[in-house]
Every structure is written in C-alpha cells, then in structure tokens.
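Below: one structure, written as structure tokens.
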Amino acid sequence: MSTSQTLSFPSPLYGGRLTVDLQAIASNWRFLNGKTRAETECAVAIKGDAYGTGQEKVAPALFEAGCRTFFAAVPTEAIQLRKILPGAVIYALDGLFPGTHEHYLAHDIRPVLGCLEELEEWTVVCKAAGRSFDAAVHVDTGIHRLGLSAAEFTSAMTDKDLLGPFRPSLIMSHLACGSAPDNPMNRRQLDQFREITAPFADVPRSLANSAGVLMGPDYHFDLVRPGISVYGGQAIETEPNPMAPVARVEARIMIVRDVPEGDTIGYGATQIARRPLRNAVVAAGYADGMLRRASSTDDRPGGFGMIGGYRAPILGRISMDMITLDVTDVPEHLLKRGAFVEMLGPHVAASDLAAYAETIDYEYLTSLGRRFERVYGPLT
Ligand SMILES: *Cc1c(COP(=O)(O)O)cnc(C)c1O
C-alpha cells in the first residue's frame, strides 16, 4: 500500500486540501537536468514518499520527464517504488539491512553500501553467485553519518579477496554544508572525494544533492541526486530560490469570531489580544503537518496563512486539529464558513514558514499529513 493513499470522501468533508503539481515537479527536474553536462545523469532523491508529495504519482511523472535513477531511503520505500517503476534503477540510500539481501535481489534494489559490514555482506552474496550484483559504495568525506571512512574505502576497493566478483555500480559521498555554498567544508569534501575516487575512474561517481547541482559543474561528476529542489524547496539558504513551488495546502474555515481586547487565544493562553480581534479557526493542525513550533506567543510571532491576498497571522498555539488566524484586516466577504485559507504554497513559501518554526522546508514537506484531500493538478 502506498503511504500516499487516502480514503475517498466527498470533497466538502475534508478539513484541508493538498494540491501537488506534477508538471511543476517534472519541470523542476528538467531545470536541474539542464544545469548539468550532457554526460552527467540527473537522478532524483524520492525518499520520504517523494518529500511528502506522494511517490505513487510523482515517480511516474519523473520517469516520463526522463529521469531513470531514483534514490529511496529505506528498503520498504524502494520495494514500493519498484512496483510503480518496473524499468527504473532504484537505490536504497540507507544501505543493506542485516540479513535482507534476498529482498534487494528479488526486487532489483541496489543498496548504497554504507559501512564495511554491509560491503562484506554484499560481496559474500556476489561470491556465492559467482557474479556481481549492482550496488553503490558510499564513502564518507566528513558528514560522519553513513559511508566507509576514506581509509576503509581505499583498502576495501583494492582488496581482491574481499571484493570477489563485486564491482560497484556507483561511488558516492554526501555534502554536509551545501545549503551554505561559502562554507569551506564544501571544497574540502570535493577535493577529498576527487582524491579518494581517482584510482577508480572507471566507476561512475556522485557527490551532489540539490545544493551541489546549483553550486556548479565541479560538483556534478557522473550523476547528481537532487531532492528538495525538485519539490520546489530552497536548497541554498543564502540565494533566492530558483525553483517553482509544487505543493499547496489549504485549510477550511470552521468559524469566524470576535475576541475582545485583553482576552487570550488557544491552549496555554500564550497570546493576548492587544486590540479587539476577529479570528478564523481553520481545520488543520499539527496532525496534518502544520508544525506546532510555528505557534505564536506574545513574545514571538508564529507562521501565517494567506486568504485572497491578505496575510492572516497565526494566533496562539497550533492545536492538533485546528489553527486560529488573525483575520481582523481581511474583508468579510472572504471569510465565509467553509472557505479555504492557503497555509503553504505559492503565497506561503515553506521556507518562510520554516523560519518561524525554526526548521527547514524539508520538514514541512515531509510532515504533510494524511488527512487532507489530495489533489494532483496545477496550483493556479
Ligand atoms: C536526501 C539526500 C539527497 C538529496 O538531498 P537534497 O538536499 O534534498 O537535494 C542526496 N543524497 C543523499 C545521500 C541524501 O540523503
């Protein structure tokens, strides 16, 4: 079962609507593909249910746009993806889980081997079969998450007894500071990756995530693996985002009411009305991925929604199922019961909301809940 599957009810019964624009996703991918040389393959990171946008619909759209290589994270995601895309190359970034190689082989999933034990487990399988099975080898250049250390990598890759018939289909590493291109760590990782992989120039190499693609050809090598930029997010924090938004969340107004000056709004009474307010309560909350950390208090503003071009700041705490918005300055005719307020999308950038919630737009996208009606279509 795809995680993006929702029950189908008549539209007015949903508290909110999530619209995903598959054309925008495809065109973002084409834009990134166009940034690389013709010899460089543009793959995609599709982990986290396509960053919350629903891989069941997104994967075929990207395949149709010309993308042929997909990076899932955990094996369950990769196997689900195989059912959707029988003809694609599929990697599992989280590598080889212990004792599970048969599943990878049965579904033609390539693990990104992230430590010596995983590499050894895979080469045993290759030796037993007398042939190589495709897998990537991940070498760590400083992020210290997954990946063989440089020393382990070099000794393993030159150890014929260890490798047996195994030949990696890809050598990869991952940038720690791509969101800040001026950080000297980027250059250091690039130089180290070049140096470590130089003796294995016959194996395709990959270093770049979205930020790496945008940082230019030095980082591209043979294959790039953008994720967030394909989904419209902001890969580089210090520059304007060149990508088109791909998702919009709208929440339904349940009631509009007056709050007298001096009264408080929401759980914990964290916000007091400094003047007589008009507020709208909408049917979306943290159970729908509207992160509670974007709540508003007297000391610290929270996120906002947009309705008919008017900004509606969040008042008080975000609850599980509802958010209270300040609509004092919004014309009454826009505030009908049942009307939608945009809570994320073309007018409410996930990266702006993320600043209020002290997080990144990746978390907003991947948190989008399962209670909204999901619609695939243009955002306009
Ligand atoms: C998530 C991930 C990517 C994609 O990163 P973005 O910043 O979303 O472009 C690429 N490579 C690895 C190893 C990842 O974990």
Side-chain angles (χ1 to χ4, degrees), residues 25 28-29 31-33 35-36 40-53 55 58-59 62 67 69-75 77-78 81 89-96 109-115 118 135-148 153 168-181 183 185-186 189-190 193 197 204-216 219-239 241-243 246-247 350-351 354 359-367:
I25 291 177
N28 282 343
W29 179 83
F31 172 85
L32 296 164
N33 187 33
K35 293 257 167 211
T36 64
T40 298
E41 180 179 358
C42 189
V44 72
I46 197 158
K47 59 195 184 183
D49 201 23
Y51 287 50
T53 62
Q55 79 169 3
V58 169
L62 286 168
C67 184
T69 300
F70 294 74
F71 288 84
V74 287
E77 287 179 321
L81 182 60
V89 171
I90 300 176
Y91 284 96
L93 285 168
D94 283 6
L96 179 63
I109 306 300
R110 303 180 181 185
V112 177
L113 304 167
C115 64
E118 290 184 16
V137 176
H138 194 162
V139 56
D140 179 36
T141 50
I143 195 169
H144 289 104
R145 285 191 329 190
L146 305 180
L148 283 72
F153 175 81
S169 53
L170 186 72
I171 298 172
M172 58 165 264
S173 192
H174 191 44
L175 296 169
C177 301
S179 62
N183 191 314
M185 181 142 183
N186 291 309
Q189 285 191 276
L190 174 62
F193 187 63
T197 58
R205 292 179 291 174
S206 176
L207 177 63
N209 56 357
S210 300
V213 177
L214 299 175
M215 281 195 292
Y219 288 87
H220 293 176
F221 295 90
D222 303 297
L223 181 145
V224 294
R225 320 179 299 269
I228 193 70
S229 291
V230 175
Y231 309 102
Q234 184 158 20
I236 294 184
E237 285 166 7
T238 50
E239 285 167 26
N241 184 6
M243 313 311 297
V246 310
S351 51
T359 182
I360 50 177
D361 47 6
Y362 296 63
E363 189 180 8
Y364 260 102
L365 287 173
T366 55
S367 300

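Every number for a ligand or one of its atoms is a count from 1 in the order of the listing. Throughout, residue positions are numbered sequentially from 1 according to the sequence presented. All values reported here derive from a predicted model rather than from experimental measurement.
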Under a 4.5 Å cut-off applied to non-hydrogen side-chain atoms, are [X] and [Y] in contact?
{"X": "H174", "Y": "R225", "result": "yes"}
{"X": "T69", "Y": "L223", "result": "yes"}
{"X": "V58", "Y": "Y231", "result": "yes"}

Considering only the protein, which heavy-atom contact is closest to [atom], and what is its distance?
{"atom": "atom 5 (O) of ligand 1", "value": "N209 CB, 3.4 Å"}
{"atom": "atom 9 (O) of ligand 1", "value": "S210 OG, 2.5 Å"}
{"atom": "atom 11 (N) of ligand 1", "value": "R225 NE, 2.9 Å"}
{"atom": "atom 8 (O) of ligand 1", "value": "Y51 OH, 2.5 Å"}

Taking only heavy atoms of P226, which atoms of ligand 1 are found under 4.0 Å from at least one of them? 9 (O)

With atoms numbered from 1 as shown, which atoms in ligand 1 lie under 4.0 angstrom from a non-hydrogen atom of G227? 4 (C), 6 (P), 8 (O), 9 (O)

Take every heavy atom of Y362, measure it against each atom of ligand 1, and state whether any distance is under 4.0 Å. yes

For ligand 1, which part of L93 has a heavy atom less than 4.0 Å away: the side chain, the backbone, both, or neither? side chain

Heavy atoms only, cut-off 4.0 Å: how does H174 contact ligand 1, side chain, backbone, both, or neither? side chain

Enter the distance from F221:CZ to T40:OG1 here, rounded to the nearest 0.5 Å. 10.0 Å

If the condition is side chain to side chain donor-acceptor pair (under 3.5 Å), which residues does E118 pass it with, not counting sequence neighbours? none

Looking at P242, P226, C42, S229, which one forms a side-chain contact (heavy atoms from CB on, under 4.5 Å) with F31? P242

Among M172, H138, K47, R145, whose heavy atom sits nearest atom 1 (C) of ligand 1? K47

Given Y364 and S351, is the side chain to side chain donor-acceptor pair (under 3.5 Å) satisfied, shown in steps? CA-CA 8 Å; Y364 260 102; S351 51; over 6 Å; no

